[in-house]
Engineer: 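First the structure, which I've put down as structure tokens, then a few questions once you've had a look.
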Amino acid sequence: MGFLKNLENRGFIQQISDPALYDLLEKEHVSCYAGFDPSDSSLHLGHLIPIIGLMHFQQAGHRPIAVVGGATGMIGDPSGRDQERNLLTIDTIRANEIGIRSQLSRFLDFDRPDNPAILVNNFDWTNPFGYLEFLRDVGKHFSVNTMIAKESVKKRLESRDQGISYTEFSYQILQAYDFHHLSKSHGCRVQIGGSDQWGNITAGIDLNHRMGGEQLYGITFPLLMTAAGKKFGKSEGNAVWLDGTRTKPYEFYQYLFQSDDRDVVRFLKIFTLLPDEEIAALAECVAKDPEKREAQRRLAYEVTRMVHGDAGVRAAEGATRILFGAESIRGYDDDTLTAIFSDAPSVDVPRDSLGQGIPLLDLLPMTELCKSKGEARRLVTSGGLYINNDRETRLDKIVTMDDLASPSFLVLRSGKKTYFLVRFTG
RNA sequence: GGGGAGAUACCCAAGAGGUCAAAGGGGGCAGACUGUAAAUCUGUUGGCAGACGCCUUCGAAGGUUCGAUUCCUUCUCUCCCCA
């Protein structure tokens, strides 16, 4: 099967600028770029789509170029935004670039002999431009008539109370110029991006054409929605970050593990590099034995390993076994518990108070589990409180030395998965 | 500047002198059923006690009343219409 056809079957393709690309990618090895905006210091799960897209290109012998948007990030892409952005400070952008560069560099192979990946920053070629020079050489090729017809701009022009600044309006010119520049300097012929990038990509294709360059191509990926109708990659409205300090490997693993049956196969095709046959086998598991969640487990494993490495998956799997196993947590050492519950909130309590014992109803309001004693009472009464994974329903329970899960920790849990650690110190 | 409507707990929204810690819905938190899924059902959702009860809360400050979320005055803010 052809390379692009295969990507299409795996669910990567929303739009292709020209069907001639199918053939081109069979006959030649080309360079392909994707841009990443440094509006934050970490990429998130959604960014994995273009990243894996680049990985597919590299595996097929093409050359991937990852572009950090140090210049475009200073302007702000209006695409998909219904209001003007607040400009980030230069310091923030520079700091973010560093974070994003290091994340990107983990996914691509920079040492592959024939087609090593390249990581560049558009600031390097955009910054030296003088304003007049830029207007004459680049701006001249843009028709405002066309620019205002782009979806991202049009929406904002129609909105009476939002509008769009000249700065953001100019954004598409900068990104278009990136494509032209990469075509000239690295022979890049293809740009990939999210579906909201369509306008920016085609602007680049047009610009290159006007400036006498060769035919360029663009591919966009679909916006991923879950079967439940949520944006993929958001957990309670928060992004699932690739940065392990912002989203712990365990949470990352769990997010994927909890994929809906209706979504998991689609996600396997996009987020893993597993061969089609293997995914087909996993799809059968979902159909026959959905309760085993083989596909979810595999998805979580593959993606977590890609992002957090072997140690990261092992930690996530280990924590999963303890957290979702029903057996009580007893006789552990402090270090093991700290590692497993590294992302659980905790509170320190002086050890001496344990001497005469602490009434459970007094202990709970000291944690984030309950705001008041009344709430604690309701939680315990309803059977939603667990001490070291054992349900505790006695309102008059006194917590003592004997209840500790490790020399200094007590593990509290509210409901199915909200853990809280109490550490006895001193 | 003139006229009108409104402000109630996390959100929406009822209440029009005591029976109001305040209906209903959403959301949240638990429980049951499950597969760490979806759906469904149940309980709960100001604080302290948990038996009666006590305390704080209905935009803010005053007032009338035995008693006010409900009536009066002033203030603050929001929305709508007209200039």
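Below, chain A is the first sequence line, B the second, and so on; all start at residue 1.
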Engineer: Could you check which of B:G47, B:U36, B:G35 has an atom nearest any side-chain atom of A:Thr320?
Structural biologist: B:U36

Engineer: For the P atoms, the ones on B:U44 and on B:G25, what distance do you get once it is rounded to whole angstrom?
Structural biologist: 13 Å

Engineer: Which residue lies toward the 5' end of RNA chain B, A:Ser414 or A:Lys417, if each is placed at its nearest nucleotide?
Structural biologist: A:Ser414

Engineer: Would you mind classifying the nucleic acid contact of A:Gly374 as base, sugar-phosphate or nothing, using non-hydrogen atoms under 4.0 angstrom?
Structural biologist: base

Engineer: Tell me whether the centres of the aromatic rings in A:Phe3 and A:His62 are closer together than 6.0 Å.
Structural biologist: yes

Engineer: Could you state the atom-to-atom distance from CG of A:Leu256 to P of B:A37 in whole Å?
Structural biologist: 15 Å

Engineer: Hey, does A:Arg297 reach any base, or is it just sugar-phosphate, or nothing, if we go heavy atoms under 4.0 Å?
Structural biologist: nothing

Engineer: Which value, in whole Å, describes the distance between the P atoms of nucleotides B:A39 and B:G6?
Structural biologist: 39 Å

Engineer: Nearest whole angstrom, please: distance from the C1' of B:A37 to the CZ of A:Phe257.
Structural biologist: 10 Å

Engineer: With rounding to whole Å, what would you report as the distance between B:A9 and B:C80 at their C1' atoms?
Structural biologist: 27 Å

Engineer: Looking at A:Arg94 and A:Glu97, does any basic side-chain N land under 4.0 Å from a carboxylate oxygen?
Structural biologist: yes

Engineer: Calculate the interatomic distance between A:Lys288 atom NZ and B:A37 atom C1'; express it in whole Å.
Structural biologist: 20 Å

Engineer: Grab the CG-P distance between A:Leu364 and B:A30 for me, whole Å please.
Structural biologist: 13 Å

Engineer: Would you classify A:Arg293 as touching base, sugar-phosphate or nothing, given that sugar-phosphate means primed atoms plus P, OP1 and OP2, and contacts are heavy atoms under 4.0 Å?
Structural biologist: base

Engineer: Within this structure, what is the CE-CG distance for the pair A:Met55 and A:Leu108, rounded to the nearest 0.5 Å?
Structural biologist: 7.0 Å

Engineer: Tell whether A:Glu375 reaches the base of B:U44 with its side chain through a donor-acceptor pair below 3.5 angstrom.
Structural biologist: no

Engineer: RNA chain B: A:Tyr386 or A:Lys371, which has the more 5' nearest nucleotide?
Structural biologist: A:Tyr386

Engineer: If the threshold is 4.0 Å, N to carboxylate O, is there a salt bridge linking A:Asp396 and A:Arg394?
Structural biologist: no

Engineer: So, taking the atom named CD in A:Glu294 and the one named NZ in A:Lys288, what distance separates them when rounded to the nearest 0.5 Å?
Structural biologist: 11.5 Å

Engineer: How many Å lie between CZ on A:Arg413 and P on B:C29, as a whole number?
Structural biologist: 15 Å

Engineer: When the distance from CG of A:Asp362 to C1' of B:C48 is rounded to whole Å, what number comes out?
Structural biologist: 12 Å

Engineer: Rounding to the closest angstrom, what is the interatomic distance between B:U19 and B:U70 at atom C1'?
Structural biologist: 15 Å

Engineer: Could you tell me the separation between the CD atom of A:Glu392 and the P atom of B:A30, rounded to a whole number of Å?
Structural biologist: 17 Å

Engineer: Between B:C75 and B:C81, how many Å separate the two C1' atoms, rounded to a whole number?
Structural biologist: 24 Å

Engineer: Would you indicate what A:Ser259 reaches in the nucleic acid, counting non-hydrogen atoms under 4.0 angstrom: base, sugar-phosphate, or nothing?
Structural biologist: nothing

Engineer: When you measure only distances, ignoring hydrogens and angles, does the side chain of A:Asp261 come within 3.5 Å of the base of B:G35 through a donor and an acceptor?
Structural biologist: yes

Engineer: Angle class for the A:Phe341/A:Tyr419 ring planes (parallel below 30°, perpendicular above 60°, tilted otherwise)?
Structural biologist: tilted

Engineer: Which whole number of Å gives the distance between the C1' atom of B:A14 and that of B:A7?
Structural biologist: 15 Å

Engineer: For A:Gln254 and B:A37, give me the distance from atom CD to atom C1', rounded to whole Å.
Structural biologist: 13 Å

Engineer: On a whole-Å scale, what distance lies between the C1' atoms belonging to B:G50 and B:U69?
Structural biologist: 27 Å

Engineer: Is the shortest side-chain N/O distance from A:Lys373 to OP1 or OP2 of B:G47 below 4.0 Å?
Structural biologist: no

Engineer: Under 30°, 30 to 60°, or over 60°: which ring-plane class applies to A:Phe271 and A:Phe267, parallel, tilted or perpendicular?
Structural biologist: perpendicular

Engineer: Please walk me through it: do A:Ser79 and A:Lys150 pass side chain to side chain donor-acceptor pair (under 3.5 Å)?
Structural biologist: CA-CA 9 Å; A:Ser79 305; A:Lys150 301 269 178 195; over 6 Å; no

Engineer: So that I know where these two stand, are A:Tyr253 and A:Tyr301 an aromatic pair - ring centroids less than 6.0 Å apart?
Structural biologist: no

Engineer: Strictly below 4.0 Å: does A:Ser382 bring a side-chain N or O up to OP1 or OP2 of B:U42?
Structural biologist: no

Engineer: For atom P, what is the distance between B:G63 and B:G26, given to the nearest Å?
Structural biologist: 42 Å

Engineer: Do the side chain of A:Arg377 and the base of B:G50 come within less than 3.5 angstrom through a donor-acceptor pair of N or O atoms?
Structural biologist: yes

Engineer: Dot-bracket for RNA chain B, 5' to 3', with Watson-Crick and G-U pairs under 3.5 Å, [ ] for crossing pairs and | for other-strand pairs: what is it?
Structural biologist: ((((((((.[[[..)..(.....]]]((((((.......))))))(((....)))...[[[[[..)....]]]]]))))))).

